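Here is the structure we will look at.
Bear in mind that the values here come from a model prediction, so they are computed numbers and not experimental data. Because only heavy atoms are used, hydrogens play no part in the values below, and waters and symmetry mates are left out as well, while side chains stay in.
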Amino acid sequence: MNAIDLPIAVLDSGVGGISVLRELTRLMPKEHFLYFGDSQNAPYGEKSPEEVLAITRSNLKMLLARGIKALVLACNTATGAAARILREEYPDLILVGIEPAIKPASLVGDHPRVLVMATPLTLRQEKFCTLMDRFSETSEILPVPCAGLVELIEDGELEGNRLDNYLEKLFFPHKDTKIDAVVLGCTHYPHIKEQIAKHLPHEVKILDGGDGTARETRRRLSAAGLLRTEGEGHIEILNSSPDPSRIDLSWKLLNR
């Protein structure tokens with residue numbers, strides 16, 4: 001197969017990266033995409049960096065064996081734990097990661113107060129700490145670890161009492177604080193953006209990194225002469241879980 005017609009692989013710890021896939025297909029509708037959700041190993045955000053690197057490396061080898069022209073790491077935790085190392089190991093591969101949208105959030109108002117929702121591991125990683133330090137002079141950044149939230153979304157709980165109770169407790173410590181922006185620092189969280197908004201004042205901006213990742217992917221493919229501009233795009237969705245409902249949920253989230 002011609003290299004330009006090979007699929008773009010999109011890798012996440014489960015169904016979360018579908019939020020990035022949605023942005024990718026919107027921006028590049030003629031591309032072929034191979035989505036792999038590793039729900040069997042979810043959540044990545046509560047594992048060690050070494051475990052996440054090993055899992056991501058193994059999944060990349062599987063995807064390369066199928067034939068791909070680029071990899072999008074649609075997972076903040078995997079990006080922080082593995083992107084730099086995998087770029088060194090596969091220097092010829094277009095590899096695009098994702099990071100919390102702290103930069104645009106820092107531009108919301110004058111010295112904005114920004115909550116960053118993310119998995120515990122993402123918030124501990126050097127990549128996140130460096131990013132937070134870079135914008136700490138122009139904004140007040142408050143990390144909000146969200147242990148257990150990925151599992152709710154993986155189980156398809158996109159609304160309802162359990163999710164509302166979780167979010168109410170999550171934001172309770174900040175109820176008397178003026179919040180200017182909330183960054184969704186895990187690709188699972190955009191799937192419940194409307195539910196998150198219900199627990200925040202209406203003027204709070206809610207941001208995620210999906211659009212920026214899609215734009216960077218298109219830029220990299222165009223620069224390499226690998227951007228597909230003709231024909232009809234195709235999407236294939238795989239999941240490491242034996243439970244077929246993960247595939248069903250992935251398609252449901254993609255087509256919302």
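The same ILVMFWY cluster, assembled from side-chain heavy atoms under 4.5 Å apart, contains both Leu253 and Met117. Cluster annotation: Ile18 is not connected to Leu63 through the hydrophobic network of ILVMFWY side chains, with a link wherever side-chain heavy atoms come within less than 4.5 Å. There is a path of hydrophobic side-chain contacts, each under 4.5 Å, that joins Leu73 to Leu64. Val20 and Leu93 fall into different hydrophobic clusters, defined by Ile, Leu, Val, Met, Phe, Trp and Tyr side-chain heavy atoms under 4.5 Å apart, directly or through other members. In the hydrophobic clustering of ILVMFWY residues, with side-chain heavy atoms under 4.5 Å counting as a link, Leu226 and Ile235 come out together.
Of the inter-residue distances, the one linking Lys175 atom NZ with Ile179 atom CD1 reads 12.5 Å to the nearest 0.5 angstrom. Considering OG of Ser241 and CD1 of Ile247, their distance stands at 8.5 Å, rounded to 0.5 Å. From Ile98, atom CD1 reaches atom OG1 of Thr213 across 3.5 Å, with rounding to the nearest 0.5 Å. Remark: Phe33 CZ to Ile8 CD1 distance equals 4.0 Å, nearest 0.5 Å. Here Asp38 contributes atom CG and Asn59 contributes atom CG; the two are 4.5 Å apart, rounded to the nearest 0.5 Å. Atom CD1 of residue Ile94 and atom NZ of residue Lys69 lie 8.0 Å apart, to the nearest 0.5 angstrom.
Side chains of Met132 and Pro143 form a contact here, defined as non-hydrogen atoms less than 4.5 Å apart. Arg134 is not listed as a side-chain neighbour of Ile102, based on a closest heavy-atom distance of 4.5 Å or more. A heavy-atom distance below 4.5 Å is found between the side chains of Arg66 and Leu238. Side-chain contact between Val150 and Cys186: present, with at least one pair of heavy atoms (C-beta onward) separated by less than 4.5 Å. Annotation: side chain of Asp164 is in contact with side chain of His199 (closest heavy-atom distance under 4.5 Å). The closest side-chain heavy-atom distance from Asp155 to Leu152 is not below 4.5 Å. The closest side-chain heavy-atom distance from Thr217 to Leu27 is not below 4.5 Å. Looking only at side-chain heavy atoms (C-beta outward), Asp208 and Tyr189 stay at 4.5 Å or farther from each other.
When all heavy atoms of Ala81 and Pro49 are compared, the pair lying nearest together is CB-O, 3.9 Å. Between Met28 and Ala214 the shortest heavy-atom distance is CE-O, 4.1 Å. The shortest non-hydrogen separation linking Arg113 to Asp180 is N-OD2, 2.8 Å. Shown here for Asp5 and His32, the closest heavy-atom pair between the two residues is O-CD2, 3.1 Å. Considering all non-hydrogen atoms of both residues, Phe128 and Thr122 come closest at CB-O, 3.1 Å. For Glu140 against His111, the heavy-atom pair with the smallest separation is N-NE2, 3.9 Å.
Between Asp248 and Lys252 there is no salt bridge, since none of the side-chain N atoms of the basic residue sits less than 4.0 Å from a carboxylate O of the acidic one.
Between the side chain of Thr25 and the main chain of Arg22, a donor-acceptor pair closer than 3.5 Å is present. Remark: the backbone N or O of Gly16 is paired with a side-chain donor or acceptor of Ser19 at under 3.5 angstrom. In this structure a side-chain-to-backbone donor-acceptor pair under 3.5 Å is present from Tyr166 to Cys146. Under the 3.5 Å distance criterion, the side-chain polar atoms of Ser240 are matched with a main-chain donor or acceptor of Gln40.
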Task: side chain to side chain contact (heavy atoms under 4.5 Å, CB included) between Leu131 and Lys103, intermediate numbers included - done: CA-CA 8 Å; Leu131 188 64; Lys103 182 177 180 179; 5.9 Å; no
Open item on the list: Between Lys61 and Glu89, does the salt bridge (charged side-chain N to carboxylate O under 4.0 Å, His left out) criterion hold? Intermediate values first, please.
Closed with: CA-CA 11 Å; Lys61 287 180 179 177; Glu89 294 177 357; over 6 Å; no
Task: Stepwise salt bridge (charged side-chain N to carboxylate O under 4.0 Å, His left out) check, Glu126 with Arg84 - done: CA-CA 12 Å; Glu126 181 182 353; Arg84 180 184 58 80; over 6 Å; no
Open item on the list: side chain to side chain contact (heavy atoms under 4.5 Å, CB included), that's the test. Do Gln125 and Thr79 meet it? Break it down for me.
Closed with: CA-CA 10 Å; Gln125 287 174 332; Thr79 296; over 6 Å; no
TODO: Go through the steps for Val204 and Leu115 under the test side chain to side chain contact (heavy atoms under 4.5 Å, CB included), then give the verdict.
DONE: CA-CA 10 Å; Val204 175; Leu115 300 185; over 6 Å; no
Task: Pair Leu158-Ile153, side chain to side chain contact (heavy atoms under 4.5 Å, CB included): steps then yes or no - done: CA-CA 6 Å; Leu158 309 177; Ile153 298 166; 4.0 Å; yes
TODO: Could you check Thr187 against Asp12 for side-chain hydrogen bond (donor to acceptor under 3.5 Å, both in side chains), going step by step and ending with a plain yes or no?
DONE: CA-CA 8 Å; Thr187 55; Asp12 180 59; 3.3 Å; yes
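Gln195 pairs in a side-chain hydrogen bond (donor to acceptor under 3.5 Å, both in side chains) with only one of the listed residues (Lys193, Lys198, His191), which is Lys198.
Other residues, nucleotides and ligands contribute only 12 or fewer heavy atoms inside 6.0 Å of the CG atom of Asp110. Atom CD of Glu230 sits in a sparse spot, with 12 or fewer heavy atoms from other residues, nucleotides or ligands closer than 6.0 Å. Under a cut-off of 6.0 angstrom, the local environment of CD in Glu194 is sparse, with at most 12 non-hydrogen atoms contributed by other residues, nucleotides or ligands. In the displayed structure, Glu137 atom CD is contacted under 6.0 Å by at most 12 heavy atoms of other residues, nucleotides or ligands.
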